Protein chains: 2
Amino acid sequence: MLMDPQQLRTFVSVVDHRSFSLAARALGYTQSAVSQHIAALEADLDTPLVTRRPVAPTEAGVRLLEHARPLLLRLDAARADIARLRQVHPGRLTLACTPGALTPAVAHAVVRLRTTSPRLAVSVRTCGRGEAVEAVLTGTADLALVDGAAAPSDPLPLPDAGPLTAFAIAQEPLAVLLPATHPLAGRPALRLADLAAARWIEAPDAAVPLSHLRAAAQTDGFGHQLAYAGGDMRGLGTLVAAGGGLTTAALPAARHVPGVAAVPISVPRIVHRVEVLQPRSSTGPAAELSDILRPSQ
Amino acid sequence: MLMDPQQLRTFVSVVDHRSFSLAARALGYTQSAVSQHIAALEADLDTPLVTRRPVAPTEAGVRLLEHARPLLLRLDAARADIARLRQVHPGRLTLACTPGALTPAVAHAVVRLRTTSPRLAVSVRTCGRGEAVEAVLTGTADLALVDGAAAPSDPLPLPDAGPLTAFAIAQEPLAVLLPATHPLAGRPALRLADLAAARWIEAPDAAVPLSHLRAAAQTDGFGHQLAYAGGDMRGLGTLVAAGGGLTTAALPAARHVPGVAAVPISVPRIVHRVEVLQPRSSTGPAAELSDILRPSQ
DNA sequence: CATCCAGTATCAGCAATACTGATGCTCATG
DNA sequence: CATGAGCATCAGTATTGCTGATACTGGATG
């Protein structure tokens, strides 16, 4: 078979596990089958894809990985898209939210939905941006709410792994979070470019990724020595207060963090933006919630 | 096999040909095999994908199509990406251009490249935006030049079917092309929104697609009764002069079209933009040309 | 209403394939 | 140089995927 998705899945698993045998265990194959999958791919593409001992992707393997992961995601997305057509009106609603997208307005909308549909089982989970997109695509979640930074009225730069409809439900000033003792903490506003050389915290799940800032400011910089994994925003605030580095947040949410000053960004024009992501044809409670959230025009 | 690419290819072909037998002919299978492919897909996804007599995609089939085409394109792109690592044709350079991207500057760059590499065989072909992207992804072309309209310094809205590097090589005022006898033809500048209700020509290959205008102007409108297929810009100008409708072009290129007035757009801020598209790791003459074209900073 | 025709579904049979389990080989390690 | 962890290879077998023949179906025709 030519570029069989199974083979691609095996290849990804081998790279992830850095081992043929472990990948085999994870996939429920024998080691022999995995070895043959990789050999078949390498024969098909006429180039080695992984080095053995240690097991690591070659240059060609890295290229293939860049395609294989989105490809497999899209296959799952296609399956989920079609499965959704039959699944009419379940009494469940699953939301995937990035932490910064779980605003009071969203919470109120959920509560309001529960008053009109009292028997509806709603579950909310916070996760990273990529996971949220993936969840909606694969049907793990009915709706996603993601936040990020962008120029006003620009869409968020999200990975495009399939057809999704997106619309913004909130745009608020983007603020820099600094320690309250920071020399710039008292300013009424700040220019982002002046902070490009500062020490930032890269917290891609709990805050706006630095890549968004670079893209919006159209400058380099925004380097970081401190990375913060996980989705807890309070802990991130604590790090900022302790001088671990700077981060950003929507202005309203950024106030009242102990030991932290929030200063809005004046230049460039950049906003904190919350978007709803849903499958192209969403029905049932997900569509209802999306209607509640959609800005009336 | 679960969602075999071959089956997807068969499915796409069946929909395109509106016939199992014709699709079989096109793919080199028997009609029986095609029937079994479709049956297998339908069994796997547990839903009918095409109606028979006449053969047409069901709702689920339409969904699957939305995924299947990009999926198959990406598979080819992955193969091409890896093939490029080994197979460099140093003596050949193939360019795919949208007509509006073939500016004098580009032509001069090609000529300049030929003076430094006199033995280089260069071939230029004009085609639509989608084809150009596809050509670079699948390795049919080494480099693509595409034009379109966008807000200043915004990237062009191109289909994302894989990793490509893109950069702009020209940004020029975008002009509306009107018949010289048109009441607005004498104006020094025009607001795009005032023309949203006008009659436009949709010429996605030869000019900026109306969808770009809608996106850039952030309004509806820009409807058309007249569609113009093909890549010839002169013919399009003739249609405009005859009162067939309006279109747009880069301001410098739009002057001196007989019977046509070119009026720059003042609001919103919108530009005609030419971008170079190339595979992530481009080498040889393609990289040289790309270096010549890249704006020095 | 009977017939025909174009086109899809189904079936049996065969060739190609994709697994498993056993074994061989290779490199890193002490 | 002995060892062992881990990848490659091979033979055997169950499964899959194709072809060619044939049955079936809905629409057109008179």
Side-chain angles (χ1 to χ4, degrees), chain A residues 1-62 64-65 68 71-72 75 78-79, chain B residues 1-62 64-65 68 71-72 75 78-79:
Chain A
M1 185 53 45
L2 241 59
M3 297 268 273
D4 192 325
Q6 301 253 46
Q7 290 176 358
L8 292 181
R9 205 156 254 139
T10 300
F11 171 67
V12 169
S13 185
V14 162
V15 172
D16 285 347
H17 287 92
R18 285 184 270 286
S19 156
F20 283 44
S21 334
L22 292 183
R25 294 265 297 270
L27 295 167
Y29 289 135
T30 57
Q31 175 268 323
S32 173
V34 169
S35 184
Q36 289 174 50
H37 274 186
I38 301 298
L41 269 179
E42 293 185 325
D44 179 23
L45 298 172
D46 196 22
T47 187
L49 294 172
V50 290
T51 61
R52 327 293 151 104
R53 251 184 280 267
V55 173
T58 62
E59 190 182 357
V62 171
L64 183 58
L65 268 183
L71 227 19
L72 293 172
L75 272 173
R79 182 178 298 278
Chain B
M1 184 55 43
L2 242 58
M3 297 268 271
D4 191 326
Q6 300 253 48
Q7 289 176 359
L8 292 181
R9 205 155 255 141
T10 301
F11 172 67
V12 170
S13 184
V14 162
V15 172
D16 285 347
H17 287 93
R18 291 189 219 21
S19 154
F20 284 42
S21 334
L22 292 184
R25 294 267 299 269
L27 295 167
Y29 289 135
T30 57
Q31 174 268 322
S32 173
V34 168
S35 184
Q36 290 174 48
H37 274 186
I38 301 298
L41 270 179
E42 292 184 327
D44 179 23
L45 298 172
D46 195 23
T47 187
L49 294 172
V50 291
T51 61
R52 327 292 152 103
R53 248 182 281 267
V55 173
T58 63
E59 192 183 354
V62 171
L64 183 58
L65 268 183
L71 227 21
L72 294 171
L75 271 174
R79 183 177 297 278

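Note that the coordinates shown come from a computational prediction; the quantities given were computed from them, not determined experimentally. First the proteins, then the strands, lettered A, B, ... as listed; each starts at 1.
- For the segment residues 3-26 of chain A, the set of residues with a heavy atom within less than 4.0 Å of an atom of DNA chain D comprises A:Ser19, A:Phe20, A:Ser21, in numerical order.
- A ring pair (Phe, Tyr, Trp, His ring centres under 6.0 Å) check over residues 38-58 of chain B, counting only residues at least two apart or in different chains, returns nothing.
- Contact between the side-chain N/O atoms of B:Tyr29 and the OP1/OP2 oxygens of D:dT19 is not found at any separation under 4.0 Å.
- When every heavy atom of B:Ala23 is checked against every heavy atom of B:Val34, the shortest pair comes out as C-CG2, 4.5 Å.
- In the helix from C:dC1-D:dG30 to C:dG30-D:dC1, the rotation axis of the first five pairs and that of the last five pairs differ in direction by 30°, rounded to 10 degrees.
- Considering all non-hydrogen atoms of both residues, A:Thr58 and A:Pro48 come closest at OG1-O, 2.9 Å.
- The list of salt bridge (Lys or Arg N to Asp or Glu O under 4.0 Å) pairs with a residue in residues 24-39 of chain B, not counting sequence neighbours, is empty.
- With sequence neighbours left out, the side-chain hydrogen bond (donor to acceptor under 3.5 Å, both in side chains) criterion links A:Gln31 to no other residue.
- With sequence neighbours left out, the side-chain hydrogen bond (donor to acceptor under 3.5 Å, both in side chains) criterion links B:Asp16 to B:Arg69.
- In this structure, A:Thr51 contributes its side chain and A:Ala56 its backbone to a donor-acceptor pair below 3.5 Å.
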Find every protein N or O atom lying less than 3.5 Å from an N or O atom of nucleotides 24-28 of chain C, and list the pairs.
| residue | atom | partner | partner atom | Å |
| --- | --- | --- | --- | --- |
| C:dT26 | O2 | A:Arg53 | NH1 | 3.4 |
| C:dT26 | O2 | A:Arg53 | NH2 | 3.4 |

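- For the segment residues 31-50 of chain A, residues with any heavy atom less than 4.0 angstrom from an atom of DNA chain D are, sorted by number, A:Gln31, A:Ser32, A:Ser35, A:Gln36.
- Within the structure, the salt bridge (Lys or Arg N to Asp or Glu O under 4.0 Å) test picks out the following pairs touching residues 30-43 of chain A (sequence neighbours left out): A:Glu42-A:Arg52.
- Applying the side-chain contact (heavy atoms from CB on, under 4.5 Å) test to B:Leu72 and every residue at least two apart in sequence or in another chain returns B:Pro5, B:Leu8, B:Arg9, B:Val12, B:Leu75.
- Residue pairs meeting the ring pair (Phe, Tyr, Trp, His ring centres under 6.0 Å) criterion with at least one member in residues 2-30 of chain A, sequence neighbours excluded: A:Tyr29-A:His37.
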**OP:** Could you check B:Thr47 against B:Glu59 for side chain to side chain contact (heavy atoms under 4.5 Å, CB included), going step by step and ending with a plain yes or no?
**Re:** CA-CA 10 Å; B:Thr47 187; B:Glu59 192 183 354; over 6 Å; no
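- The side-chain contact (heavy atoms from CB on, under 4.5 Å) test applied to B:Gln36 returns B:Ser32, not counting sequence neighbours.
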